[in-house]
Amino acid sequence: PNISARHVERAPKTTFGSAMQPTKQSANIEEFLWNMHTMLVAAPGPVQLENVKEQYLKHHGHKCAVERFLVVGDGGLSATLRRIPHVCNVSVKDGVTYVKAAQPADIDRNQLIEEDKRYRREVAKKNAAKAAAMGTSKAKAPAPGGTAGVAPAPNEQGKRPAEDAGSSAEKKQRTEAEAETLARMLIQGVVRILQNRQRANKGALPMSELENEFKELWKVPFNVKQANENDPVEFLRKWPSKVEIVPH
């Protein structure tokens with residue numbers, strides 16, 4: 001079968017802000033993420049990766065000390081910024097890597113902080129699901145309604161490490177509420193794919209292509225077992241207000 005979206009939820013148009021007066025050095029990861037966001041939305045367009053630190057300096061009046069807050073490994077700045085996709089959208093075009101804001105220009109600092117908490121909870125849940133699927137005891141799922149404290153804490157240097165299922169936290173079985181949250185995340189991801197296809201006039205999505213398109217867009221597998229489901233089609237049928245299963 002094929003699937004199509006029931007509704008198209010259009011995102012608000014983004015406007016770019018103007019340059020700000022020199023700001024103080026970031027004292028913590030939350031301030032650094034906010035400074036990155038404001039710099040990116042003030043830019044006239046996507047910033048080339050090699051110019052990110054220079055653009056940051058011009059906008060804020062102080063150096064971009066990303067190494068103070070995020071671990072920069074062998075993958076360099078590109079890999080580091082890809083670990084904060086809720087703040088930085090990293091893409092490659094014609095062999096050149098660009099960075100742009102992942103959030104709307106008009107959100108405020110508190111909204112970005114809440115989005116950061118949400119993203120970290122989501123990562124923790126995915127890691128717990130991955131560990132559970134692998135039969136390991138290396139990850140711990142956060143309780144519903146948890147706070148930022150659920151996510152990996154900064155290490156002794158004050159940096160936020162890469163969130164990965166290989167952490168030393170203990171395994172915790174997902175509750176029904178957590179499974180429901182994962183199910184909503186999956187269906188929202190599918191809806192976004194279908195919306196993109198509608199805008200591109202590609203029509204309904206064949207079920208055989210769903211897994212590949214989901215992984216290409218979200219960089220994670222479409223695994224309904226994370227939501228305590230076994231069959232992808234039956235999982236989608238449970239969301240008739242979101243998607244429609246249509247014959248070939």
Side-chain angles (χ1 to χ4, degrees), residues 8-26 29-120 122-123 159-160 162-163 188-189 191-202 212-220:
V8 176
E9 301 174 0
R10 300 191 183 280
K13 293 183 179 180
T14 300
T15 56
F16 294 100
S18 57
M20 299 171 58
Q21 295 297 321
T23 58
K24 66 176 182 178
Q25 285 275 1
S26 305
I29 179 65
E30 288 80 12
E31 289 185 3
F32 175 74
L33 295 180
W34 174 248
N35 283 344
M36 284 293 296
H37 168 75
T38 55
M39 178 272 290
L40 290 172
V41 298
V47 180
Q48 288 191 27
L49 179 68
E50 62 183 17
N51 297 331
V52 164
K53 290 190 174 183
E54 179 182 355
Q55 185 73 19
Y56 185 100
L57 175 61
K58 289 180 179 179
H59 184 73
H60 289 296
H62 62 258
K63 292 184 178 181
C64 178
V66 60
E67 297 85 358
R68 288 183 55 195
F69 307 104
L70 297 167
V71 174
V72 180
D74 295 338
L77 184 60
S78 176
T80 299
L81 296 184
R82 289 179 189 275
R83 296 210 322 269
I84 50 172
H86 56 302
V87 178
C88 299
N89 183 315
V90 182
S91 60
V92 179
K93 182 178 181 181
D94 298 329
V96 180
T97 302
Y98 294 91
V99 184
K100 65 180 181 180
Q103 297 296 324
D106 57 355
I107 68 169
D108 59 31
R109 184 193 300 261
N110 289 335
Q111 288 174 318
L112 185 67
I113 290 175
E114 288 304 312
E115 178 62 21
D116 182 52
K117 292 178 181 178
R118 183 205 63 77
Y119 172 74
R120 295 174 68 192
E122 180 180 327
V123 169
K159 300 179 183 180
R160 181 180 297 179
E163 287 95 344
Q188 288 170 1
V191 169
R192 179 66 65 83
I193 292 172
L194 298 176
Q195 290 173 349
N196 291 343
R197 289 180 65 88
Q198 284 185 341
R199 295 186 184 102
N201 296 319
K202 291 184 177 180
N212 288 339
E213 291 216 18
F214 192 96
K215 188 170 184 179
E216 181 178 352
L217 179 61
W218 299 111
K219 312 306 179 187
V220 294

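In this structure, the separation between NZ on Lys219 and CZ on Phe214 is 12.0 Å, given to the nearest 0.5 Å. Rounding to the nearest 0.5 angstrom, the gap separating the CZ atom in Arg199 from the CG atom in Leu194 is 11.0 Å. Expressed to the nearest 0.5 Å, how far CZ of Arg82 lies from SG of Cys88 amounts to 11.0 Å. The line from CD of Glu31 to CZ of Phe69 is 7.5 Å long, rounded to the nearest 0.5 Å. One finds the CE atom of Met36 at 11.0 Å from the NE2 atom of His59 (value rounded to the nearest 0.5 Å). How far CZ of Arg192 is from CD of Gln188: 9.0 Å, rounded to the nearest 0.5 Å.
Using a 4.5 Å cut-off on side-chain heavy atoms (C-beta onward), Asn89 and Leu40 make no contact. The shortest side-chain heavy-atom distance between Val52 and Met39 falls under the 4.5 Å cut-off. Between Gln103 and His86, some side-chain heavy-atom pair lies under the 4.5 Å cut-off.
Gly189 and Trp218 make their closest contact through O-NE1, 3.2 Å (heavy atoms, listed as atom of the first residue, atom of the second, distance). Scanning all heavy atoms of the two residues, the minimum distance from Phe32 to Ala65 falls at CE1-C, 4.4 Å. The shortest heavy-atom contact between Val41 and Thr38 is CG2-O, 3.4 Å. Between Val72 and Leu77 the shortest heavy-atom distance is CG1-N, 4.2 Å.
Taking the charged nitrogens against the carboxylate oxygens, Arg118 and Glu122 do have a contact shorter than 4.0 Å, which makes a salt bridge. A salt bridge is defined here as a Lys NZ or Arg NE, NH1 or NH2 lying under 4.0 Å from an Asp or Glu carboxylate O, and Arg109 with Glu30 fails to meet this definition. Between Arg120 and Glu114, no side-chain nitrogen of the basic residue sits less than 4.0 Å from a carboxylate oxygen of the acidic one, so the salt-bridge criterion is not met.
Checking side-chain atoms of Trp34 against main-chain N and O of Leu112 turns up no donor-acceptor pair under 3.5 Å. When atom types are taken as modelled, the side chain of Gln111 and the backbone of Asp108 share a donor-acceptor pair closer than 3.5 angstrom. Side-chain N or O atoms of Arg68 include none that pairs as donor or acceptor with a backbone N or O of Ile29 at under 3.5 Å.
Between His60 and His62, the ring-plane angle classifies as parallel under the 30° and 60° cut-offs.
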Yes or no on side chain to side chain contact (heavy atoms under 4.5 Å, CB included) for Thr80 and Glu67, after CA distance, side-chain angles and deciding distance? CA-CA 9 Å; Thr80 299; Glu67 297 85 358; over 6 Å; no
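Each of Asn35, Leu33, Val66 was compared with Ser26 under the side-chain contact (heavy atoms from CB on, under 4.5 Å) criterion, and only Asn35 meets it.
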Run the side-chain donor-acceptor check on residues 90-100: report pairs under 3.5 Å with partners two or more places apart or on a different chain.
none

